Structures are given as C-alpha cells and as structure tokens.
S.K.: 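My structure is below; once you've seen it, I'll send some questions.
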Amino acid sequence: MGEVEVRALDHVDFTLRASELVVLLGASGSGKSTLLNILGGLDTPSSGQVHFGDQELSLAGDDELTEYRRRQVGFVFQFYNLIPSLTARENVELVTDIAEDPLDAADVLGLVGLGDRLDHFPGQLSGGEQQRVAIARAVAKRPSLLLCDEPTGALDSRTGVVVLEVIERVNSELGTATVLITHNAPIAQMAHRVVTLADGRIAREQTTAQRLPARELIW
C-alpha cells in the first residue's frame, strides 16, 4: 500500500489433514481469510509454497487453479450467493452439472435437512435454510476440501447452531476436510484442532480434548 507493507500472513506453516475439521480463530485482520483464500486457490502467496497432495499450487497458473477449485474445493461464505430465480435443487445442480462424480442434488439437500424444500426458491427460505443450500451446493461435487468463512455470521444463534450441525455432519459422514473461520470462540469446541492467528502469524495451535457436537455449544 504505497510505502506501507502489510504482511497479511507472515511465515505461516499450516497443515490440513484428510477428514479433519479445523477452526481458525482470530480478530479481524489477523490473516484468517487470506489463509483460507490461499488454501482455496483464490489467492496466491507472494512467497513460500502451497501444496495439495503432490501438486504445488503456488506454481500453478490460472487454468490449473480453476481446475483445482472446480474439482477439489467447496466454498461457503457468510452470505449465501444463491441465484434467486433458481430453486434450491437447481442451485445445487449448477455444481453437479459440471462435476465428474457428484452427489445427487436431492440426496445432498436431504443430508442438510432440506429434503422437503427442494423446489422452493431462495426468497421462500429462511436465512438458515439458504445457508444450508449453500453448504449442499459446496459439497455436492464431493470436494476434498470444504472452506467456510464465517458461515454463521449473518444468522441468529439458534439458526447458527443448526448450520454448524450440518457442517459437522458433512465432515463426519462424507469425510470432507473442513476449515471454518469464526470470531466465536465456543465454536472451536466442535473442531478436531483449533488454530489461532494474530498479526498474520499462528499464535497458538491446539488439539481439542473433547470434540463437542454443535448443539452442545454455548453461545
């Protein structure tokens, strides 16, 4: 930024294991979203290396990163980004139509508890239901990695718990490696591992002693 250098991430060494659910904690500006975007191939680091299996993403070109995002990564953001003129089923089918081995759209909507809302439009769904459609869309292509950036940030606490239960269920039943960003420390109790960032560095990393289901979290 002109003469000012902003180190969004600074010597971060991070590993995500298959089927793991990791929560990233930290204040605004700590580097959480930058780390998530690099893991998802949306951003590339100015230095250092990023590996997915035997692929070095930090050397990948635009086409390779597009293919990586399409095949390997599912994104869930704070706002749902659904197409209002399409039903819940059709929003999910946008992904299944381009995936190699997708889940059935109706089946994955059933997984997130919306089996009876398949043909409803986003405007006919609550905020929590729309977020669950967004989760279904993200996992329908069977991604190796699910990245969730403040998925409960726009929801009330009760609805947020329902959404967290869905993310937990996807992680446990589909084995999708999951990274979840939050400001809400109690949510960390549902993770296998908690990574706390501060000023672009990993300030603390700990394995959760007892992984609690989302419904037992205290808000």
Side-chain angles (χ1 to χ4, degrees), residues 21-25 28 32-33 35-37 39-40 42 69 73-97 99 102-191 211-219:
L21 196 163
V22 172
V23 163
L24 297 182
L25 286 178
S28 295
K32 304 186 305 298
S33 292
L35 177 57
L36 202 77
N37 289 344
L39 294 176
L42 293 174
R69 291 191 298 267
V73 187
F75 294 97
V76 179
F77 299 103
Q78 180 174 343
F79 300 103
Y80 325 122
N81 299 318
L82 302 179
I83 297 177
S85 60
L86 299 181
T87 64
R89 187 204 307 262
E90 290 168 341
N91 267 280
V92 175
E93 286 174 344
L94 283 175
V95 169
T96 61
D97 286 347
L103 297 166
D104 179 77
D107 289 345
V108 73
L109 284 164
L111 177 69
V112 302
L114 294 176
D116 59 345
R117 309 284 274 172
L118 303 179
D119 298 316
H120 287 69
F121 293 94
Q124 299 172 311
L125 302 173
S126 69
E129 288 172 332
Q130 290 184 63
Q131 188 62 294
R132 283 187 276 162
V133 174
I135 294 170
R137 180 183 57 191
V139 303
K141 59 182 174 182
R142 301 181 194 263
S144 302
L145 180 60
L146 179 64
L147 302 177
C148 307
D149 194 350
E150 292 282 3
T152 62
L155 305 173
D156 63 79
S157 58
R158 181 176 298 180
T159 307
V161 168
V162 174
V163 168
L164 292 173
E165 288 178 336
V166 168
I167 292 172
E168 182 186 44
R169 185 177 183 187
V170 167
N171 172 254
S172 61
E173 294 191 15
L174 300 182
T176 308
T178 303
V179 181
L180 190 157
I181 284 179
T182 184
H183 288 93
N184 194 333
I187 293 178
Q189 298 175 70
M190 68 180 282
R211 182 183 178 189
L212 297 180
R215 60 184 173 272
E216 294 183 16
L217 298 179
I218 300 173
W219 288 73

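The analysis underlying the following values was restricted to heavy atoms, covering all of them including side chains, and did not include hydrogens, waters or symmetry mates. Remember, predicted model here, so these are calculated numbers, not experimental data.
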S.K.: Nearest 0.5 Å, please: how far is OG1 in Thr176 from CG in Leu145?
M.R.: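 Between Leu145 CG and Thr176 OG1, I get 9.0 Å after rounding to 0.5 Å.
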S.K.: Can you tell me how far the OG1 atom of Thr152 sits from the CD1 atom of Ile167, to the nearest 0.5 Å?
M.R.: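 Going from OG1 on Thr152 over to CD1 on Ile167, the span is 7.5 Å.
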S.K.: As an exercise, state the distance from CG of Leu86 to CG of Asp119, rounded to the nearest 0.5 Å.
M.R.: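 If we round to the nearest 0.5 Å, Leu86:CG and Asp119:CG are 12.0 Å apart.
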S.K.: Please round to the nearest 0.5 Å and tell me the distance separating atom CD1 of Ile135 and atom OG1 of Thr178.
M.R.: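 That separation rounds to 10.0 Å.
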S.K.: Against Phe77, only a single residue in Phe79, Phe75, Tyr80 fulfils ring-ring contact (aromatic ring centres under 6.0 Å, His included); can you say which?
M.R.: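 It is Phe75; the other options fail the test.
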S.K.: For Thr159 and Gln131, run side chain to side chain contact (heavy atoms under 4.5 Å, CB included): C-alpha distance rounded to whole Å, both residues' side-chain angles, the deciding distance at 0.1 Å, then the answer.
M.R.: CA-CA 10 Å; Thr159 307; Gln131 188 62 294; over 6 Å; no
S.K.: Between Val108 and Thr96, does a side chain to side chain contact (heavy atoms under 4.5 Å, CB included) hold up when you go through it step by step?
M.R.: CA-CA 11 Å; Val108 73; Thr96 61; 5.9 Å; no
S.K.: Show the nearest heavy-atom pair for residues Gly128 and Val163, with the distance to one decimal.
M.R.: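 Gly128 and Val163 have their closest heavy atoms at O-CG2, 4.0 Å.
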S.K.: Would you name the heavy atoms of Pro143 and Gly74 that are closest together and state the gap between them?
M.R.: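 Here Pro143 and Gly74 meet closest at CB-N, 3.6 Å.
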S.K.: State, to 0.1 Å, how close Lys141 and Ala99 come at their nearest heavy-atom pair, and which atoms those are.
M.R.: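 Closest pair (atom of Lys141, atom of Ala99, distance): CB-CB, 3.6 Å.
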S.K.: For Ala134, is there any backbone N or O sitting under 3.5 Å from a side-chain donor or acceptor partner on Asn91?
M.R.: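 No, Asn91 side chain to Ala134 backbone: no donor-acceptor pair under 3.5 Å.
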S.K.: Yes or no on side chain to side chain contact (heavy atoms under 4.5 Å, CB included) for Leu42 and Val73, after CA distance, side-chain angles and deciding distance?
M.R.: CA-CA 10 Å; Leu42 293 174; Val73 187; over 6 Å; no
S.K.: Nearest 0.5 Å please: distance from the CG atom of Leu94 over to the CD1 atom of Ile83.
M.R.: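 Those atoms lie 4.5 Å apart.
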S.K.: Distance from Leu111 atom CG to Arg169 atom CZ, nearest 0.5 Å?
M.R.: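 The CZ atom of Arg169 is 5.0 Å from CG of Leu111, to the nearest 0.5 Å.
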S.K.: For the backbone of Gln124 and the side chain of Arg117, can you confirm whether one donor and one acceptor N or O come within less than 3.5 Å of each other?
M.R.: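 Confirmed, Arg117 side chain pairs with Gln124 backbone.
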S.K.: What heavy-atom pair brings Val133 and Leu114 nearest, and what distance separates the two atoms?
M.R.: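 Looking at all heavy atoms of both residues, the closest pair is CG2-CD1, 3.5 Å.
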S.K.: May I ask you to test the Val92-Leu118 pair for a side-chain heavy-atom distance under 4.5 Å?
M.R.: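 No, side chains not in contact.
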S.K.: After noting the C-alpha distance and the side-chain angles of Val76 and Leu146, does the key distance pass the side chain to side chain contact (heavy atoms under 4.5 Å, CB included) rule?
M.R.: CA-CA 8 Å; Val76 179; Leu146 179 64; 3.9 Å; yes
